[in-house]
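Throughout, numbering of the chain's residues begins at 1 and tracks the sequence. Since the structure is predicted, the reported quantities are computational estimates derived from the model, not experimental observations.
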Amino acid sequence: MTTTEMPTAASRTRQTATGKKPPRRQREGAAWVFLSPWVLGAAVLTLLPMAVSLYLSFTDYDLFNPPQWVGLRNYTQMFTEDPRYWRSVVATLTYVVIAVPLQLGLALVVALALKSMRRGRGFYRSAFYAPSLLGASMSIALVWRAVFNDGGTVDNLLGTGGWVNQPGWALLAIALLTVWQFGAPMVIFLAGLQQIPGELYEAAAVDGASRWRQFLSITVPMLSPVIFFNLVLQTIQAFQVFTPAFAISAGKGGPADSTLFYTLYLYDRGFVASHMGYASAMAWILLLVIGAVTAVLFRTSRSWVFYASEGDR
């Protein structure tokens, strides 16, 4: 007859220790070690500059002398005494309203065309995406200015004169440069279109639905989260546009302040006129406006964005 030895308390302790997870505090410590580079970078490169900028927005600071506290004077001057500020607001809002819908509309049309292609999709996708990598550069903006200048390509083809020298056309020229950079949202749209089940279109075709009805009843609802993502992303970027306006207007925002975008005027106040306190106040107003617009988009998305996993809008 054999007997089985019962494990002693010491052996049970050793077995438990070998299979036990590290204490929670130890796991949290390891996580903070890995997160520390990001936390340090965010604190030093983002949070600290934001705090300094907020302080400077309440001061009179010219980059050379110590800042002097002036309270809300920069903000009151901005809203009540500076007509160029309001012209920059109007120019920026006009640009956002024109450029963002045109860019997203073209991106969606091209994505739909690429989805139906059987050959060469990868080549055309790369070709259409390339302007998104190049369009934000100063060199492309200067080329764009030459195209729309007096005697440029557009003037030779249409005979409309130089767009960049006409107040009614200069902003449209910059908007077209943004529309030309439709590659990034196009790639996102294409990825979303490829996730829509083909059975939905087959069932709609059997029921006699036209392609337009399929687009409105299937493509748009199923693609609405992607449309919402691109809309938020491109709207935020449009409010911050700077390089095209700076290059096409030679940093002046002309003609007649028609291309005086908000960021361009902020640059002019801060680094040309050396009113860094005023520029800091402008930057914080821009941050609040972008936050408010984003919040409105998220709020209104409840009525038109459809998430299939949740089964509601």
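Under the 4.5 Å side-chain heavy-atom criterion for Ile, Leu, Val, Met, Phe, Trp and Tyr, V272 and F64 are members of the same hydrophobic cluster. No continuous path of hydrophobic side-chain contacts links F128 to V109 [ILVMFWY only; heavy atoms under 4.5 Å]. Residue V70 is not grouped with residue W284 when hydrophobic side chains (ILVMFWY) are merged at heavy-atom distances under 4.5 angstrom, including chains of intermediate members. Cluster membership for L114 and F123, using ILVMFWY side-chain heavy atoms within less than 4.5 angstrom, is shared.
Closest approach of T243 to A141, counting heavy atoms only: O-CB, 4.3 Å.
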### Task
Begin with the C-alpha distance, continue with both residues' side-chain angles, and end with the deciding distance and a verdict on ring pair (Phe, Tyr, Trp, His ring centres under 6.0 Å) for F261 and F242.
CA-CA 7 Å; F261 290 172; F242 172 79; 9.8 Å; no
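Side-chain atoms of N74 come within 3.5 Å of backbone N or O of T59 as a donor-acceptor pair. Side-chain atoms of Q240 do not come within 3.5 Å of backbone N or O of T263 as any donor-acceptor pair. In this structure, Y262 contributes its side chain and M282 its backbone to a donor-acceptor pair below 3.5 Å. No donor-acceptor pair under 3.5 Å is formed between the side chain of S57 and the backbone N or O of S280. With T178 contributing its side chain and A99 its backbone, the two residues share no donor-acceptor pair below 3.5 Å. Judged by distance alone, the side chain of W144 and the main-chain N or O of A173 form a donor-acceptor pair under 3.5 Å. Looking at S217, its side chain never comes within 3.5 Å of a backbone N or O of Q214 through a donor-acceptor pair. Under a 3.5 Å cut-off, the side chain of S53 and the backbone N or O of M50 do not form any donor-acceptor pair. Remark: the backbone N or O of W180 is not paired with any side-chain donor or acceptor of Q103 at under 3.5 angstrom.
A cation-pi arrangement is absent between K115 and F215, since the terminal nitrogen or guanidinium carbon is not both under 6.0 Å from the aromatic centre and inside a 45° cone about the axis.
Side-chain contact check for Y201 versus T219: some heavy-atom pair is nearer than 4.5 Å. Taking 4.5 Å as the limit, every side-chain heavy atom of L45 sits out of range of all side-chain heavy atoms of L40.
Inspection of the Y278 and D62 side chains reveals no N or O donor paired with an N or O acceptor under 3.5 Å.
Note that CG of N230 is 6.0 Å distant from CG of L104, once rounded to the nearest 0.5 Å. With values rounded to the nearest 0.5 angstrom, Q194 atom CD is found 14.0 Å from F189 atom CZ. Remark: I140 CD1 to R145 CZ distance equals 15.5 Å, nearest 0.5 Å. For the atom pair OG1 of T76 and CG of D82, the computed distance is 11.0 Å after rounding to the nearest 0.5 Å. Atom CD1 of I196 and atom CE of M222 lie 6.0 Å apart (nearest 0.5 Å). Between F246 atom CZ and L142 atom CG the span is 9.5 Å, to the nearest 0.5 Å.
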